[in-house]
Trainee: 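I am attaching a structure below and will ask some questions about it afterwards.
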Amino acid sequence: MDTIITIGRQFGSGGREIGEKVAEQLGIKCYDKELLTRAAKESGFCEEMLANHDERPTNSFLYNLVMDTYSFGYNASSFVDMPISQKVFLAQFDTIKKIAGEGPCIIVGRCADYALSEFGNSLHLFIYADEAVRIRRISKKYEVNENKAKDMILKKDKQRQSYYNYYSSKKWGRADSYDLCINSGVLGVQGTVKLICQYVQDFEESRK
């Protein structure tokens with residue numbers, strides 16, 4: 001097996017748990033928060049700084065203005081002038097490519113599908129679920145009431161969407177941005193894991 005799997009996910013859809021279980025089934029590594037630790041080591045940023053900017057876009061109007069004039073190729077002098085959130089993004093971007101170059105794995109979130117768009121051996125998935133399913137899941141996981149869970153979902157999804165749409169040339173959560181979108185509420189976590197494993201197996205067969 002040599003497939004790299006990236007997973008975008010709505011908050012509360014179980015995307016991370018599904019990624020971990022698929023990795024377990026396939027005998028490969030799953031990177032989520034581990035990506036930050038690795039990016040911190042390789043970039044020289046402290047991990048706390050990376051965590052603070054993790055999947056969070058900048059809100060500065062001035063920054064957006066400056067970024068519109070930036071090309072994504074960066075040299076030493078432009079890198080020095082870059083806002084910290086852009087440096088953090090590039091550090092993660094480089095780490096994602098390195099990890100993918102080391103062999104099959106699963107990478108959760110962080111525009112990994114965009115970073116690996118030129119990797120022919122990559123599959124890009126998006127996990128979503130109905131709001132009621134996600135509210136139940138978040139309420140249980142974080143021991144909060146339904147209203148609080150709904151607020152958390154709205155905030156987190158908005159963050160992820162802004163981050164993805166800002167740095168990627170595609171739209172977060174839209175079917176044509178991914179190879180496969182799955183409603184995890186239909187089959188449940190285990191059923192979704194089974195479906196993905198089958199999909200990966202068929203993908204590998206098709207590439208032989």
Side-chain angles (χ1 to χ4, degrees), residues 4-24 26-60 62-64 66-67 70 72-119 122 124-127 137-138 141-144 151-168 172:
I4 313 292
I5 302 155
T6 70
I7 296 180
R9 72 281 183 232
Q10 282 184 330
F11 189 59
S13 67
R16 190 187 56 154
E17 186 188 345
I18 288 164
E20 286 168 351
K21 287 185 185 299
V22 170
E24 213 175 284
L26 299 176
I28 59 179
K29 281 185 179 175
C30 179
Y31 293 91
D32 181 22
K33 296 290 183 205
E34 302 81 358
L35 188 72
L36 299 183
T37 310
R38 174 90 182 254
K41 262 186 202 153
E42 293 180 357
S43 66
F45 286 121
C46 71
E47 200 170 332
E48 191 184 358
M49 187 188 287
L50 285 167
N52 286 341
H53 288 86
D54 190 30
E55 290 192 291
R56 285 186 180 89
T58 177
N59 298 320
S60 156
L62 180 65
Y63 171 59
N64 290 323
V66 171
M67 279 315 300
Y70 258 119
F72 255 31
Y74 59 97
N75 56 36
S77 61
S78 68
F79 189 74
V80 170
D81 297 332
M82 260 181 210
I84 191 68
S85 47
Q86 176 73 2
K87 291 179 182 177
V88 165
F89 172 76
L90 288 170
Q92 286 194 6
F93 205 77
D94 290 344
T95 300
I96 287 166
K97 287 189 166 187
K98 275 182 193 163
I99 286 170
E102 289 165 6
C105 63
I106 292 175
I107 302 173
V108 179
R110 295 164 189 88
C111 285
D113 56 327
Y114 182 59
L116 304 179
S117 55
E118 289 166 17
F119 283 61
S122 58
H124 309 304
L125 316 179
F126 188 81
I127 311 289
R137 188 182 176 89
I138 293 302
K141 186 176 179 181
Y142 294 99
E143 297 176 349
V144 293
D151 282 349
M152 287 168 74
I153 285 168
L154 286 171
K155 188 181 174 193
K156 199 74 179 165
D157 277 355
K158 195 176 177 186
Q159 238 178 42
R160 287 176 180 171
Q161 183 179 27
S162 305
Y163 179 85
Y164 185 92
N165 293 355
Y166 186 83
Y167 286 115
S168 160
W172 186 82

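This is a predicted model, so every value here is computed, not measured.
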Trainee: Who pairs with E118 by side-chain contact (heavy atoms from CB on, under 4.5 Å), at least two apart in sequence or on another chain?
Mentor: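 Applying side-chain contact (heavy atoms from CB on, under 4.5 Å) to E118 gives none.
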
Trainee: Mind running side chain to side chain contact (heavy atoms under 4.5 Å, CB included) on F126 and D113 for me, showing each step along the way?
Mentor: CA-CA 10 Å; F126 188 81; D113 56 327; over 6 Å; no

Trainee: Above 12 or not: heavy atoms from other molecules or residues under 6.0 Å from CD of E48?
Mentor: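 Count not over threshold, so no.
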
Trainee: How are the rings of F89 and Y163 set relative to one another: parallel (under 30°), tilted (30 to 60°) or perpendicular (over 60°)?
Mentor: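 Perpendicular.
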
Trainee: Looking at V108 and C30, what are the two nearest heavy atoms and their distance?
Mentor: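 For V108 versus C30, the nearest heavy atoms are CG2-SG, 4.0 Å.
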
Trainee: Between Q10 and R160, what is the shortest heavy-atom contact and its length?
Mentor: C-NH1, 3.6 Å

Trainee: Would E17 and R137 count as a salt bridge (Lys or Arg N to Asp or Glu O under 4.0 Å) if you check the C-alpha gap in whole Å, the side-chain angles of each, and the deciding distance to 0.1 Å?
Mentor: CA-CA 12 Å; E17 186 188 345; R137 188 182 176 89; 2.5 Å; yes

Trainee: If I compare all heavy atoms of G12 with all of I138, which pair ends up nearest, and what's the gap?
Mentor: CA-CD1, 3.6 Å

Trainee: Name the one of E34, R38, K29 that satisfies side-chain contact (heavy atoms from CB on, under 4.5 Å) with I99?
Mentor: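 Considering E34, R38, K29, a side-chain contact (heavy atoms from CB on, under 4.5 Å) with I99 is found only for R38.
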
Trainee: K97: what forms a side-chain contact (heavy atoms from CB on, under 4.5 Å) with it, not counting sequence neighbours?
Mentor: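 Per chain and number, K97 pairs via side-chain contact (heavy atoms from CB on, under 4.5 Å) with F93, L116.
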
Trainee: For the side-chain hydrogen bond (donor to acceptor under 3.5 Å, both in side chains) test, which of T95, T6, D54 pairs with R110?
Mentor: D54

Trainee: Output the distance between atom SG (C111) and atom OH (Y167), rounded to the nearest 0.5 Å.
Mentor: 8.5 Å

Trainee: I'd like to check C105 versus I4 (side-chain heavy atoms, cut-off strictly below 4.5 Å). Are they in contact?
Mentor: yes

Trainee: Output all residues satisfying ring pair (Phe, Tyr, Trp, His ring centres under 6.0 Å) with F11, sequence neighbours left out; order by chain, then residue number.
Mentor: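 Testing F11 for ring pair (Phe, Tyr, Trp, His ring centres under 6.0 Å), a comparison that skips the adjacent residues, returns none.
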
Trainee: Go through it in stages, so that I can follow the logic: the residues are I5 and I107, the test is side chain to side chain contact (heavy atoms under 4.5 Å, CB included), and I'd like the CA-CA distance, side-chain angles, deciding distance and then a yes or no.
Mentor: CA-CA 6 Å; I5 302 155; I107 302 173; over 6 Å; no

Trainee: For the atom pair NZ (K41) and CG (L36), what is the distance rounded to the nearest 0.5 Å?
Mentor: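 Reported to 0.5 Å precision, the distance equals 12.5 Å.
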
Trainee: Among all residues two or more places apart in sequence or in another chain, which pass the salt bridge (charged side-chain N to carboxylate O under 4.0 Å, His left out) test with D157?
Mentor: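 If we apply the salt bridge (charged side-chain N to carboxylate O under 4.0 Å, His left out) test to D157, skipping adjacent residues, the hits are R134.
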
Trainee: Could you report the tightest heavy-atom contact between G101 and F119, atom names first, then the distance?
Mentor: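 For G101 and F119, the tightest heavy-atom pair comes out as N-CE2, 4.2 Å.
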
Trainee: Is any side-chain heavy atom of I7 closer than 4.5 Å to one of I127?
Mentor: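 SC-SC contact between I127 and I7 confirmed.
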
Trainee: Please, which pairs that meet salt bridge (Lys or Arg N to Asp or Glu O under 4.0 Å) have at least one residue in residues 6-15, sequence neighbours excluded?
Mentor: R9-E55

Trainee: So do E24 and E20 actually touch side chain to side chain, heavy atoms under 4.5 Å?
Mentor: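 A side-chain contact under 4.5 Å is absent here.
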
Trainee: Residues two or more places apart in sequence or in another chain: which of them pass side chain to side chain donor-acceptor pair (under 3.5 Å) with S43?
Mentor: none

